[in-house]
Amino acid sequence: MIACVEHPAGRHLEVTGAGDDAIARLTKARQDSLSELLEGWDPGEHPEVVAMIHELARVLMADDDRLLADAHAT
């Protein structure tokens, strides 16, 4: 999911295609999990909540991206 790649500036970690696929699945799973917590509500009646769920999943993924960036720096 992550590969160590040689660059002129040194070795770097890069996310592979399999890693990108895993990130997409994790994002979807987070969205689904948040939706389950709100079971019984009608998304059609609350589009603002749907938007918040998608934004929260994106923010959580951004936290993961920061962790990967920190790993690249070491």
Side-chain angles (χ1 to χ4, degrees):
M1 291 201 210
I2 296 177
C4 185
V5 178
E6 293 289 337
H7 287 279
R11 292 183 182 179
H12 296 301
L13 296 177
E14 293 183 3
V15 178
T16 65
D20 286 333
D21 291 343
I23 289 168
R25 288 191 310 273
L26 286 170
T27 300
K28 176 75 168 100
R30 283 180 175 153
Q31 290 173 350
D32 292 347
S33 177
L34 290 169
S35 293
E36 285 178 25
L37 290 172
L38 299 169
E39 189 174 330
W41 66 285
D42 181 359
E45 291 181 20
H46 303 284
E48 72 282 2
V49 177
V50 173
M52 286 188 287
I53 289 171
H54 288 278
E55 176 63 12
L56 182 55
R58 188 195 64 74
V59 168
L60 291 172
M61 188 54 59
D63 288 342
D64 292 345
D65 290 342
R66 279 192 288 279
L67 289 172
L68 286 173
D70 289 346
H72 288 186
T74 58

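Each residue takes its place number in the sequence, starting with 1.
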State the CG-CG distance between Asp21 and Leu26, to the nearest 0.5 angstrom. 11.0 Å
Note: Ala22 and Met1 closest approach over all heavy atoms is CB-SD, 3.6 Å
d(His7 NE2, His12 NE2) to nearest 0.5 Å is 5.0 Å
Straight-line distance of Arg25 CZ to Arg30 CZ, nearest 0.5 Å: 13.0 Å
Once side-chain contact (heavy atoms from CB on, under 4.5 Å) is applied, do any residues pair with Ala3, and if so which ones, sequence neighbours excluded? Val5, Thr16
Tell me whether Ser33 contacts the main-chain N or O of Ala29 through its side chain, where contact means a donor paired with an acceptor under 3.5 Å. no
For Glu36, all residues meeting salt bridge (Lys or Arg N to Asp or Glu O under 4.0 Å), sequence neighbours excluded: none
